[in-house]
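Scroll down for the structure; my scribbles are underneath it.
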Amino acid sequence: MTLPSTATSYWIESSADTSYPSPAEDIETDVAVVGGGIAGICTAFELTRAGRSVRVFEAGRIAAAVTGHTTGRLSAAHPWIYRPLRERLGAEAARRYARSQQEAVDHVEATASELGIDCEIERRPSYVFTWEEDEADALRAETDAVKDAGLDASFVTETDLPFAVAGALRVEEQIQFHPRRYLVGLAEAITANGGRIHENTRVTDIEEGEPCVLRTEHGAVVRANEVVVATLAPVFEQLRLSTRLSAIRELVVAAPIPADRDPGGMYITRELSTRSVRTAPLPDGRRLLLITGEGFAPGAGHVAERYERLIDWAGRHFGASDITHRWSAQDTETTDTLPWIGRAPGTDHVFVATGYARSGMSHGVMTGRLLADLLTGRTPLWADLYDPSRVHPAHEASKTAKNVAGIAGHYVGDRAAGWTGSIEDVPKGGGRVLTVGGRPCAVHRDEHGNLTAVSATCPHRGCVVAFNETERTWECPCHGSRFAADGSLLNGPANQPLAPVTDLPD
């Protein structure tokens with residue numbers, strides 16, 4: 001099997017295009033939502049349904065960035081979360097977490113039915129599995145914690161996967177769906193309820209006040225009583241959260257398989273740098289097998305080899321012979337593993353949602369309901385679990401220290417190593433960081449031999465980017481910002497592109 005030459009998300013390819021206008025003038029609104037992924041769209045929908053005036057500002061197209069590149073697995077069965085949570089915060093905290101997640105799962109089905117959204121909802125069991133006999137007992141204990149938290153869970157040793165497992169946590173009545181079709185439907189409901197969505201409108205700055213003032217890259221100024229920052233990472237430094245977040249990327253390959261090879265559920269393991277398996281219905285009666293995994297830090301490289309491992313795994317275990325789609329996604333994880341959803345620390349009118357740790361579908365839906373409650377004067381039972389102001393020093397200390405050490409290592413070590421080589425060393429389709437005029441420059445040569453040079457210094461915190469040879473992107477290894485080969489911004493926390501370099505030597 002060969003890797004498709006172009007990364008294409010099946011969810012984006014198989015859903016309607018959207019075309020919401022950028023603002024032509026300054027705006028006043030009750031709530032400004034920054035980010036048009038699942039968290040932002042769900043929040044805006046819940047708020048408009050509650051009668052609030054809402055504007056959504058998305059830098060690209062709605063549900064086409066991180067949300068458009070997920071697997072669409074909507075489950076409360078998050079891997080290896082319940083037992084640690086119960087041990088750290090108590091059984092009641094685990095029960096509130098489970099309730100918040102399962103209510104999000106059920107809410108999607110109810111909302112899709114209410115609005116008539118055809119988003120291919122299928123109720124399926126969700127599994128966390130292990131091949132390792134040594135892990136089976138730990139997974140049994142995790143199953144007990146999940147059952148104690150109130151989910152319909154059991155420990156099994158047989159599944160419909162085409163290979164044996166040592167054990168699996170099975171949770172009933174979870175959902176797999178078409179995430180982008182669902183959110184495009186919610187977007188239509190937002191506008192029907194009086195809200196407004198603005199695509200291709202990047203917010204570059206927020207000044208908190210009464211009102212808050214937001215500035216966009218094309219000059220429009222937005223005044224809002226409240227602001228929700230629902231981006232992959234908090235893109236505004238005054239929120240002061242990025243040093244307690246770590247970024248991770250994962251790859252997805254998809255291939256049609258006969259319906260009789262459908263494993264009948266959603267599966268995930270943390271082994272082999274993660275393997276996540278599900279299928280989606282195809283119009284011709286077959287199923288589209290989606291396999292996700294090979295988690296790595298942005299800038300770590302060797303992406304082609306990671307894709308090859310996924311392709312080999314799909315072929316060996318499922319007989320997949322034709323990879324039709326491949327894409328990648330990025331997420332963030334907090335130092336205590338729970339998302340931050342609520343009022344941003346040190347602010348009165350800014351709310352934040354981030355740190356979904358590869359469980360963004362249920363977290364995103366839950367975010368919409370949680371933030372809508374907080375913004376309309378209600379406080380859900382689980383609000384304190386996700387409060388961004390919470391601190392658990394004993395639990396977070398080692399991860400925070402590891403994050404800081406890793407960032408310092410890149411910031412100092414990359415500069416100490418220097419950047420050698422010449423422009424002639426940059427191959428077609430490739431990229432290199434070179435020293436030009438005494439500073440690091442990110443140089444890319446396209447397939448026609450044309451060169452593009454931009455600053456290799458990430459505008460977020462000054463770390464040096466690395467080239468992703470498969471996706472033709474520049475990635476910051478410190479906080480996960482990503483840029484296209486020409487330096488344009490793809491993912492935050494940076495909110496500016498890489499600066500162009502015009503003085504390349506002949």
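This structure is a prediction, so every number in the text was calculated from the model and none was measured.
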_Nearest non-hydrogen partners of His325 and Pro4, listed with the distance_ = N-CG, 4.1 Å
*Kindly write out the residues that satisfy salt bridge (Lys or Arg N to Asp or Glu O under 4.0 Å) with Arg61, not counting sequence neighbours, or none if the list is empty.*
Glu199
*Measure centre to centre between the rings of Tyr20 and His198, then say whether the value is under 6.0 Å.*
no
*Are Arg180 and His178 close enough that some pair of their side-chain heavy atoms sits under 4.5 Å apart?*
yes
*Kindly assign one of parallel, tilted or perpendicular to the pair Trp327 and Trp11, based on the angle between their ring planes and the thresholds 30° and 60°.*
perpendicular
*His218 NE2: over 12 foreign heavy atoms closer than 6.0 Å*: yes
*Can you pull the ring-ring contact (aromatic ring centres under 6.0 Å, His included) pairs that have at least one residue in residues 355-375, sequence neighbours excluded?*
His78-His363, Tyr356-His363
*Could you give all pairs that pass the salt bridge (charged side-chain N to carboxylate O under 4.0 Å, His left out) test and reach residues 15-42, with sequence neighbours left out?*
Asp30-Arg52
_Set out, in order, the CA-CA distance, both residues' side-chain angles and the distance that settles salt bridge (Lys or Arg N to Asp or Glu O under 4.0 Å) for Glu294 and Arg275, then state yes or no._
CA-CA 7 Å; Glu294 293 296 317; Arg275 290 292 184 270; 2.8 Å; yes
*Reported CG-to-CD distance for the pair Leu490 and Gln330, which is rounded to 0.5 angstrom*: 10.0 Å
*How about Val213 and Val222: do any of their side-chain heavy atoms sit closer than 4.5 Å?*
no
*Considering only NZ, NE, NH1 and NH2 on the basic side and carboxylate oxygens on the acidic side, decide whether Glu58 and Arg202 come within less than 4.0 Å.*
no
*Closest non-hydrogen atom pair between Tyr307 and Val252, with its separation*: CE2-O, 3.8 Å
*asked:* The criterion is side chain to side chain donor-acceptor pair (under 3.5 Å); which residues satisfy it with Thr71, sequence neighbours excluded?
replied: none
*Work out which heavy atom in Val426 is nearest to a heavy atom in Arg445; give both atom names and the distance.*
O-NE, 2.7 Å
*In terms of side-chain heavy atoms, does Tyr386 have a donor or acceptor partner in Ser100 at a distance below 3.5 Å?*
yes
*Report the residues that fulfil salt bridge (Lys or Arg N to Asp or Glu O under 4.0 Å) with Glu114, sequence neighbours left out, ordered by chain and then residue number.*
Arg49
*Would you kindly check if the NZ (Lys) or CZ (Arg) of Arg99 is within the cone defined by 45 degrees around the ring axis of Trp382 and under 6.0 Å from the six-membered ring centre?*
no
*For Arg278 and Gly72, work out which heavy atoms get closest and say how close.*
NH1-O, 3.0 Å
*Determine if the SG-SG distance between Cys463 and Cys478 falls under 2.5 Å.*
yes
*asked:* For a quick test of reading the model, state the closest non-hydrogen atom pair linking Cys441 to Ala456 and the distance between them.
replied: C-CB, 3.8 Å
_Electrostatic pair Arg343-Asp387, nearest N-O below 4.0 angstrom_ = no
*Give every residue pair that meets the salt bridge (charged side-chain N to carboxylate O under 4.0 Å, His left out) criterion with at least one member in residues 486-498, sequence neighbours excluded.*
none
*asked:* For Asp384, give me all partners under salt bridge (Lys or Arg N to Asp or Glu O under 4.0 Å), at least two apart in sequence or on another chain.
replied: Arg96
*asked:* Applying salt bridge (charged side-chain N to carboxylate O under 4.0 Å, His left out) as the test, list every pair that has at least one member in residues 464-478; sequence neighbours left out.
replied: Arg249-Glu471, Arg249-Glu475, Glu447-Arg472, Glu471-Arg482, Glu475-Arg482
*asked:* I'd like to check the side chain to side chain donor-acceptor pair (under 3.5 Å) partners of Arg326; sequence neighbours left out, ordered by chain and number.
replied: none
_Just to verify, what does His349 make a ring pair (Phe, Tyr, Trp, His ring centres under 6.0 Å) with, not counting sequence neighbours?_
none
*Mind checking the CD1-CD1 spacing from Ile190 to Ile41? Nearest 0.5 Å is all I need.*
4.5 Å
*Taking all non-hydrogen atoms of both residues, which atom of Ala442 and which atom of Val465 are closest, and how far apart?*
CB-CG2, 4.3 Å
*asked:* To the closest 0.5 Å, what do you measure between CD1 (Ile197) and CD1 (Ile62)?
replied: 5.0 Å
*asked:* Tell me every residue that passes salt bridge (Lys or Arg N to Asp or Glu O under 4.0 Å) with Asp348, counting only those two or more places apart in sequence or in another chain.
replied: none
*Indicate whether the side chain of Ser75 and that of Ser126 have a donor and an acceptor atom separated by less than 3.5 Å.*
yes
*Nearest-0.5 Å distance, CG of residue Leu288 to OG1 of residue Thr324*: 5.5 Å
_Using side-chain heavy atoms (C-beta onward) and a distance below 4.5 Å, is Ile12 in contact with Thr8?_
no
*Are side-chain N/O atoms of Glu217 and Thr204 paired as donor and acceptor at under 3.5 Å?*
no
*asked:* Rounded at 0.5 Å granularity, tell me how far OG1 in Thr457 sits from CG in Leu498.
replied: 8.5 Å
*asked:* Within this structure, what is the NE2-CG distance for the pair His479 and Asn491, rounded to the nearest 0.5 Å?
replied: 14.5 Å
*Could I get the full list of side chain to side chain donor-acceptor pair (under 3.5 Å) partners for Thr191, not counting sequence neighbours?*
none
